[in-house]
Each structure stands twice: as structure tokens, then as C-alpha cells.
J.: 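Handing you a structure now.
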Amino acid sequence: MDPAERTRLVTRHVAEVVTEEELETLVGGESPSAYIGYAPTGEMHIGHFTTIRKLADFLRADVEVTVLVADLHAHLDDEKSPFDLLDARSQYYEETIRAMVEAAGADPDRIEFVRGTEFELSEDYSVELLRMAAETTISRAQRAASEVVRQTENPKLGGLLYPLMQSLDVKTLGADIAYGGIDQRGIYMLSREILEDHGGDPPVCLFAPLLSGLTGGKMSASDEQSKVNLNDSPAEVEEKIDGAYCPAGEVEDNGVLEYLRYLVFPILDERGEQFVAERPDEYGGNVTFETYEDLETAFTSGELHPADLKPAAAAYVSDVIDPIRQRLDAQPELLREAYPEKYG
RNA sequence: CCGCCCUUAGCUCAGACUGGUAGAGCAGCCGACUGUAGAUCGGCUUGUCCCCCGUUCAAAUCGGGGAGGGCGGACCA
């Protein structure tokens, strides 16, 4: 595959590349590798799906992909996951990620899955981590992790170890590209700074955009209405999107449009399908959009009203997550064991 | 090891001194207005008052014990 096409696949729909030059050098060479880590904490949602879609692009561009299920990190971050649930949640995460990769049109068996506990407790890793801890100031670690680690009145030491371990993961997994949501930026900038002193290379960083919350502002893990979960029923998806903040003509902070832009259209594009919004005759009848840009233009101009957009968006989003929902519904024990207080 | 402080609604807290049916703001939910949502009005809901024992007719409130959290002191061979 020619390097230009490779670069296009790797960088489409991303929020930032650090740096473009380094990436081009990388994809110009043999079998580059990328990794993304997920800490198995709360239930997986549609925001995860936007990052997963890129994994399919990596595979198409012949970039090797490793997914780290960062079980220790899930506990280290203010004990978001209780220690005894790490294994169950890791299983749920891995299975759900596989389903998403497949839904994005790629083969999950081409991805290497690794758990944190498989290598983060080795002697070499531990020694290197302690050396990093000796060299890194508290404020530097705090700053790196502030967008990722839960911020509380009484921060734990674990939240400071977190970015150091994540940096060491990049080296240990041998990843050329560190990929994640743009919230991970602080941590990987730290990685680029300190890894050279610890026998590693600074990773090329690729950041996915974060989706806005449906209730306006940021998506919140604790606000169920602000996000679509991957196992939400079609009725739940419809209800959440119907209740979404969606001012006519505005693109800013508009979660509904972002869902379409980063999730629905890329997948429709892959399938060669169009977006059809049903609309009563009095408002102009049904409309069809070939690209997200066309839809956004119609929305911005006021030609497409939110009340017509929402039901269509809900149907497409529901359709896109359907294969994942089915896999989860077929294996109820995954969620039951991972979140016993909710599904037990 | 010692001392001091904190724990009340989903969140931030008032109420405790002086015992008498547990409150506010925010959030949430429901209506009105918008061809969606938001904003704005109008209305409504929410509780092991950290746990146990005791005093009392009556304990969030007083006494004792315990748990969790915070702060400080001491020790620094």
C-alpha cells in the first residue's frame, strides 16, 4: 500500500497527530505498530466505539494493533473497579471490544489483546517504574493525568503512578504509535518526555476526538442520559437522543451531529449506504444525505430541523450498535459478573 | 504512638450549644412555551441524619464505644 493512502487511513477522523512528520516516517517503513489501552471501569459506551473504529483503519493500513485491557489501572484510578472485579470486567471489555471491531468491519483476531497484570508486575517493569517515580515530581504526574484520572478532594497515590505506568506500557508493548482519546494527551506528552531516559522511544501520538454529551457539555460516565450505552435497547437509544441537547442550526456541543459524523457516516460510507431522514410532507418530505458534510450544511442552514433529525439519528445509531447489543444480550453473564450490583 | 476535626437528600451543606414529626441551594422528575432539546416560568419528589449501646415520655441533637476520612504532633537510631 502506498504511504499516502496509509497515512490517510491512519489519520482520518482524528483530533490530533503528534507529529505528522514522525508519523509519515513511520508509515513509510515496515510494519509499524499501534496500541490503545482501556481501563476496564464503567460500562462501555458509544464513545469507546469512536476510538475502536480507528483500529479497523489501522488494520487496513497494515499497522499491527495491540489492545491493552489495563486492569491494574482500573483499580489504581481511585479504585474505580474493585480489585476482585478486575477479571470479570476485563472479560467483558475484551468481548465488547471484539464485537465493536467486527462491527467496524475488521477481524478482531488480527488484534493482540493483552492485560496489564500479564506484564506490569514483572521485576524489570517494577524497577523501571520505581526509577520513574524517583525522577518525576508530584505536580508533573498530576498535570499529566488530570484529564484521565478521577480528581477528588483526597487524591490517592495510585493516580500519580497511573501516568508513569501508562508510559512504561508504551515501551513494554513495543508500540510505535500511542493511540487514545484526546483526553490522554497529557499522559502521552509525559511519555514522550521521559521514555528516552528509560530505554524507550517517544511514541508517535494519535488522538481521537471525544464526543459531546447528549445533555450538553461533556459526556459523563455517571449521567446515563448523556451517553448511549452499547447494550441500550432501541427504545432507550430513541429516548436518549430525543431528549438530547440539539439547538437548531448549531454544530457546537451538538452530540447528535457528532454521533452521525464520527460513527454513523463512517460506517454507512464503509457499506456504501446513504442517510435517509423521514419527514412529514408539510416540512418538505423525506430527505437523503450522501455525506455528513451535506447533512451538516442542511442542518446549519435550518433546512433540516432537529425534530426530523433526531428520530432518524436514533434509528441509525441503534442500527450501528445492534451487533454489539446482540453479542452482549447473548452472554448476559458478562455484564452480570462485571457489574453485579447492577445486573446481579 | 498521641491529639484535634469531620461523617445529615444524587452533590454542596444548614440544623446540634438550648432533645419535641429533618431543611436549603443545586441536580432530578412533571407540566407550560417553543415543530426537538436547551433557556425561561409553574409544580413535585428524594433520607438506614455513618454504626452499636445507653440516658429520656421523646435522640440527627446528650453520654459511651466503634468504623471511615482529614489535619497536626512525636519518633528520626
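Protein chains get the first letters and strands the later ones, always in sequence-line order, with residue 1 at the start of each.
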J.: What contact category does A:N154 fall into here, base, sugar-phosphate, or nothing, at under 4.0 angstrom with non-hydrogen atoms?
T.: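 The residue A:N154 makes sugar-phosphate contact but no base contact.
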
J.: Under a single-linkage definition using a 4.5 Å side-chain heavy-atom cutoff for Ile, Leu, Val, Met, Phe, Trp and Tyr, are A:I194 and A:V18 assigned to the same hydrophobic cluster?
T.: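 Shared cluster, yes.
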
J.: In whole angstroms, how far is the C1' atom of B:U34 from the OH atom of A:Y283?
T.: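 Rounding to the nearest Å, OH of A:Y283 and C1' of B:U34 are 11 Å apart.
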
J.: Starting from P on B:C11, measure out to CZ on A:R150 and report it in whole angstrom.
T.: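 Atom-to-atom, A:R150 to B:C11, this comes out as 12 Å.
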
J.: Determine which nucleotide pairs with B:C26, using a 3.5 Å limit on both distances of a Watson-Crick or G-U wobble pair.
T.: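 By the stated definition (distances under 3.5 Å), B:G10 pairs with B:C26.
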
J.: Mind checking who B:C49 pairs with, Watson-Crick or G-U wobble, both distances under 3.5 Å?
T.: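 For B:C49, the partner nucleotide comes out as none, under the 3.5 Å rule.
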
J.: In whole angstrom, give the distance that lies between atom CD of A:E153 and atom C1' of B:U7.
T.: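 Interatomic distance, CD of A:E153 to C1' of B:U7: 12 Å.
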
J.: Measure from CD on A:E79 to P on B:G68 and round the result to the nearest Å.
T.: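 Atom CD in A:E79 sits about 13 Å away from atom P in B:G68.
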
J.: Heavy-atom count around A:R131 CZ within 6.0 Å, excluding the residue itself: above 12?
T.: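 At most 12 heavy atoms, drawn from other residues, nucleotides or ligands, come within 6.0 Å of this atom.
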
J.: Just checking A:G243: base, sugar-phosphate only, or nothing, at a heavy-atom cut-off of under 4.0 Å?
T.: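 Since only primed, P, OP1 and OP2 atoms lie under 4.0 Å of A:G243, the category is sugar-phosphate.
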
J.: In this structure, how many angstroms lie between the P atom of B:A37 and the OH atom of A:Y259, rounded?
T.: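 Going from A:Y259 (OH) to B:A37 (P), I get 18 Å.
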
J.: Quickly work out the A:D308 CG to B:A37 P distance and round it to whole Å.
T.: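 Answer to the nearest Å: 13 Å.
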
